[in-house]
Enquirer: 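If you scroll down you'll find the structure; I have some questions about it.
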Amino acid sequence: MTSTPPPSSLDPEIAARLKRGADGLVPAIAQQYDTGEVLMLGWMDDEALHRTLTTGRCTYWSRSRQEYWVKGDTSGHVQHVKSVSLDCDADTVLVRVDQVGAACHTGDRTCFDADVLLKDAGTGPEGADSGVPARDQ
């Protein structure tokens, strides 16, 4: 993908708000709409975002294959779009979805299940040090 995005049908007002990387992409976080579970991270350009907003299915840009892909078209593990939001800096998209089946290509429910670096930090007996100053708790 070049640094100049291809023409898109994305609403120009939305396109003007997006802050893209040098490659023309924004990260898109997929989150289960009813539980808040973070499912995966994909990449969208303007056209992928347009398709996501208008079809009700998540469309991503594959950086390795250099093509669009609709989540679930080959696996059957579709993402039905419930809402789409921009973060406060307009450089990340949050897509709240109803995930059917596994979100990860490995077959795991989420792409964050297999390699946990820290689990349940700061939880434990009452009064345990959470590492957060008391004034910030």
Side-chain angles (χ1 to χ4, degrees):
M1 179 160 200
T2 65
S3 60
T4 305
S8 170
S9 300
L10 182 63
D11 179 325
E13 289 183 18
I14 296 172
R17 293 169 54 199
L18 285 176
K19 293 180 185 167
R20 301 161 197 81
D23 56 6
L25 302 174
V26 295
I29 300 167
Q31 179 184 41
Q32 180 63 34
Y33 83 100
D34 54 353
T35 66
E37 179 181 33
V38 176
L39 300 168
M40 60 172 280
L41 172 80
W43 296 92
M44 291 184 180
D45 65 1
D46 288 17
E47 182 59 24
L49 180 55
H50 167 72
R51 293 178 189 187
T52 298
L53 291 169
T54 58
T55 66
R57 298 266 311 277
C58 282
T59 300
Y60 300 99
W61 176 258
S62 171
R63 295 179 301 167
S64 60
R65 295 189 311 269
Q66 297 289 293
E67 65 185 17
Y68 295 104
W69 58 280
V70 179
K71 181 68 178 159
D73 270 3
T74 56
S75 67
H77 299 160
V78 299
Q79 293 175 338
H80 298 286
V81 176
K82 297 294 187 177
S83 68
V84 180
S85 305
L86 288 177
D87 78 333
C88 58
D89 295 319
D91 63 1
T92 303
V93 175
L94 175 64
V95 186
R96 299 191 66 193
V97 302
D98 189 9
Q99 176 71 46
V100 176
C104 189
H105 70 280
T106 65
D108 284 338
R109 168 73 181 161
T110 84
C111 292
F112 301 99
D113 289 342
D115 197 6
V116 177
L117 302 178
L118 181 65
K119 185 172 182 164
D120 299 327
T123 61
E126 191 69 20
D129 183 8
S130 68
V132 178
R135 67 183 177 283
D136 294 336
Q137 292 182 357

Enquirer: With a 4.5 Å heavy-atom cut-off, do W43 and P27 have their side chains touching?
Expert: yes

Enquirer: Can you list every pair that meets salt bridge (charged side-chain N to carboxylate O under 4.0 Å, His left out) and has a residue in residues 85-95, with sequence neighbours left out?
Expert: none

Enquirer: Could you state the interatomic distance from OG (S85) to CD1 (I29), rounded to the nearest 0.5 Å?
Expert: 11.0 Å

Enquirer: Not counting sequence neighbours, which residues clear side chain to side chain contact (heavy atoms under 4.5 Å, CB included) with R51? List them please.
Expert: E47, T59, Y68

Enquirer: Measuring from atom NE2 of H50 to atom OG of S9, what distance do you get when rounded to the nearest 0.5 angstrom?
Expert: 4.0 Å

Enquirer: What heavy-atom pair brings G107 and A102 nearest, and what distance separates the two atoms?
Expert: O-CB, 3.3 Å

Enquirer: Each residue besides L10 in its hydrophobic cluster should be listed here, by chain and number; the cluster joins Ile, Leu, Val, Met, Phe, Trp and Tyr at side-chain heavy-atom distances under 4.5 Å.
Expert: I14, L18, V26, L39, M40, M44, L49, L53, Y60, W69, V81, V84, L86, V93, V95, V97

Enquirer: So how far is it from R20 CZ to L25 CG, rounded to the nearest 0.5 Å?
Expert: 10.0 Å

Enquirer: Kindly compute the distance separating NZ (K82) from OH (Y33), expressed to the nearest 0.5 Å.
Expert: 4.5 Å

Enquirer: State which residues pass side chain to side chain contact (heavy atoms under 4.5 Å, CB included) with V78; sequence neighbours excluded, sorted by chain then number.
Expert: R57, H80, V100

Enquirer: Between R63 and D23, does at least one N-O distance fall below 4.0 Å, as a salt bridge requires?
Expert: no

Enquirer: Looking at CZ of R17 and CG of D11, how far apart are the two atoms once the value is rounded to the nearest 0.5 Å?
Expert: 9.5 Å

Enquirer: Hey, what do you get for CG (L41) to OG1 (T92), rounding to the nearest 0.5 Å?
Expert: 8.5 Å

Enquirer: Under the salt bridge (charged side-chain N to carboxylate O under 4.0 Å, His left out) rule, what pairs show up with a residue in residues 30-44, not counting sequence neighbours?
Expert: E37-R109

Enquirer: Mind checking what makes salt bridge (Lys or Arg N to Asp or Glu O under 4.0 Å) contact with E13, not counting sequence neighbours?
Expert: none

Enquirer: Would you say the side chains of Q99 and Q79 form a donor-acceptor pair under 3.5 Å?
Expert: yes

Enquirer: What heavy-atom pair brings D108 and A114 nearest, and what distance separates the two atoms?
Expert: OD2-CB, 3.5 Å

Enquirer: Which heavy-atom pair separates D46 from A15 by the least distance, and what is that distance?
Expert: OD2-CB, 3.7 Å

